[in-house]
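Read the structure below first, then the notes.
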Amino acid sequence: MDTHLNLIDGEWRPSGAAATFPDVNPADTRDVVGLLQDSGPADVEAAVQAAAKALPAWSQTPAPVRGRHLLKAAQEVEKRTAELADLLAREEGKTIGEAKGEVTRAVRILEYFAGEGSRLSGDVIPSERERIFMFTVRQPVGVVALVTPWNFPIAIPCWKLAPALVCGNTVVLKPASQAPLTALKLVEILQATGLPKGVLNLVTGSGAKVGAPLVAHPKVRAISFTGSDVTGRGIAETAAKRLAKVQLEMGGKNPTLVLKDADLDNAVECTLNSAFYSTGQRCTATSRAIVEKAVLGEFLDRLVAKTKAMKIGDPRDPQTQMGPAIDAGQLETTLRYLEQGKQDGAKLVYGGERLQDGAYAHGHFVRPAIMTGVEPASKLAQEEVFGPLLAVMQADDFDHAVKVANEVRFGLSASICTKDLTRALEYVNKAEAGLIMVNLPSAGIEYQIPFGGLKDSSAGPREQGPAAVQFYTETKTVYVKY
Ligand code: NAD
């Protein structure tokens, strides 16, 4: 089994404490995918100092030249899609098809931001006065810290690293400890494009020993974080003390609204996909289906039949449709919310059993679960589960469905299934969410359009697409008298 090192100042180094932690396959916990550095504050200090030292030269490197590193990395990631997807499925537990899709997304993100190097433009603004020329230029922010979760182990590091680097920042990346190796491979590939030493640094380890000192470091000028809202709020408080920039992408409690005129087959497909694919572990996953009462019975029958037919098992088997939970803690959380739902009067209509026999014996497997009669104010209807547990709720009509959908503190993604264009556009207007999907699953996003939520789901400038440069650059305003 391989031991993987941190990347600091262009060198692959062990952590100062010389300790490691295992990266475990959630489908078979006997399979240790690799050993990673269990780093601490001294490693963070070295990485931030290296990034600070590399900043002047990298920030002055022409942006199109910076972009070419991303293009080379895109080509290499694409060449190694099969290998990286297998590693991703093995350490994270999503199906091999989803893993291939995620690696391909990383390729597209790298290609897109490679081109951004030639488009990092400012504006020319007319002056009130004669013979005054006014314009803006974009400049890098400085040393940036990127803190990522485990559920998209290549796409999320990639959609932060690519814009950060092309905009001329230097970076310290801290991936999540449950699935750090795919991110490490991405860093290896980027470094091998000939990035100057110190431009890109990687430090693995826990949130407490690596994440916390990294986001608190006075030389870190901006922090892009994706993860739970509890961690995100703590980071925002730390950053506020020194006025560092923050971008937070956090949890969701995303609804799928099914109106009585919807194409029910499509509505069932959208719900199944966004509730149970990736084991429900997507920030944009549907965890509430809010269905008009006229079609609730029919919708439920079809959804239960489709869910029963899902193949659960080894994510690297191409036939599998749902893999394991990431770890024992996440599995327990799903089961706890299921029990809570029962206590609050909801009815389990399908699934929810832990799978522990035969091929499931060494993994964190659970059958996808559907509960009905869930009260809108109950914990199951209000809190993020991050597992394959769907709350189905009845709506009297469209207005009631919208009210229930909006009555949560999160606002990431929301889907509506209807053939009525007026209703769909009314929902686009009224939905308290940053992403609205019409006749599509609530999960499943593209890289070239802004991504982010409202309310407790996000804070700071949007990620991805042209919006990404707003976070990774500062605007300088120039006045010239001629
Ligand atoms: P988490 O908050 O536990 O961890 C995220 C990252 O933060 C990890 O790298 C972790 O080590 C680090 N961290 C933990 N404590 C820290 C601290 N005190 N200081 C700095 N860093 C710290 O989240 P998770 O369990 O890895 O991910 C699941 C959560 O992520 C869910 O809530 C999910 O909705 C959310 N998520 C959101 C999006 C989005 O774009 N909105 C995308 C994916 C996941």
Side-chain angles (χ1 to χ4, degrees), residues 21 23 26 36 38-41 44 91-92 94 102 105 145-160 172-180 183-184 202-217 220 223-239 244 246-254 274 278-287 325-327 329-334 383-387 408-413 433-435 442-445 447 450-464 468:
F21 68 89
D23 176 16
L36 281 295
D38 189 3
S39 315
V44 170
E91 72 167 353
E92 200 274 348
K94 67 178 62 173
E102 189 180 331
R105 172 129 57 112
L146 308 179
V147 180
T148 57
W150 46 265
N151 65 335
F152 285 92
I154 192 164
I156 294 182
C158 198
W159 82 48
K160 294 184 193 294
V172 180
L173 169 67
K174 189 216 113 41
S177 300
Q178 294 94 330
L184 185 142
L202 168 89
V203 184
T204 57
S206 70
K209 286 193 300 183
V210 177
L214 176 60
V215 301
H217 200 291
V220 169
I223 302 150
S224 179
F225 165 82
T226 301
S228 64
D229 69 312
V230 176
T231 311
R233 278 166 201 274
I235 289 175
E237 280 175 25
T238 303
V246 281
Q247 175 180 58
L248 308 174
E249 290 300 341
M250 301 169 287
K253 190 70 196 172
N254 313 300
S274 48
S278 297
T279 322
Q281 299 172 142
R282 291 184 286 185
C283 52
T284 49
T286 283
S287 56
I326 185 72
D327 55 21
Q330 193 57 58
L331 179 64
E332 287 309 321
T333 302
T334 302
E383 296 178 11
E384 185 182 45
V385 178
F386 222 57
V408 292
R409 67 185 178 92
F410 294 109
L412 189 53
S413 181
L435 304 160
S442 64
I445 55 163
Y447 57 90
F451 169 80
L454 306 182
K455 304 202 282 191
D456 287 2
S457 289
S458 299
R462 289 280 183 264
E463 297 203 86
Q464 307 204 57

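Predicted model only: the values in this text are computed from it and were never measured. Start at 1 and go down the list; that is how both ligands and their atoms are numbered. When reading the values below, keep in mind they use all heavy atoms of this one structure, side chains included, and skip hydrogens, waters and symmetry mates.
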field: Under-4.0 Å protein heavy-atom contact, atom 4 (O) of ligand 1
entry: no

query: Does Lys174 reach the side chain of Val203, with side-chain heavy atoms less than 4.5 Å apart?
result: no

message: Just to be sure I'm reading this right: ignoring hydrogens, which of Thr284, Val147, Thr148, Thr333 gets closest to atom 12 (C) of ligand 1? Compare them by their nearest heavy atoms.
response: Val147

field: Asp229 near ligand 1 by a heavy-atom separation under 4.0 Å
entry: no

task: Pick, from Phe386, Trp159, Trp150, Phe451, the option with the minimum heavy-atom distance to atom 33 (C) of ligand 1.
output: Phe386

- prompt: If you measure from atom 23 (O) of ligand 1 to every heavy atom of Cys283, Ser457, Gly453, Ser228, which option wins on shortest distance?
  reply: Ser228

query: Any idea which of Pro149, Gly452, Gly207 brings a heavy atom closest to atom 18 (N) of ligand 1?
result: Gly207

query: Can you tell which part of Glu463 has a heavy atom less than 4.0 Å from ligand 1: side chain, backbone, both or neither?
result: neither

- request: Give yes or no for whether the N/O distance cutoff of 3.5 Å, strictly under, is met between Met250 and ligand 1.
  value: yes

- request: Classify the contact between Ile156 and ligand 1 as side chain, backbone, both or neither, using a heavy-atom distance cut-off of under 4.0 Å.
  value: side chain

- prompt: For Ser177, is the nearest heavy atom under 4.0 Å from an atom of ligand 1?
  reply: no

- request: Nearest heavy atom to atom 16 (C) of ligand 1 wins, so pick from Thr231, Leu412, Ile235.
  value: Thr231

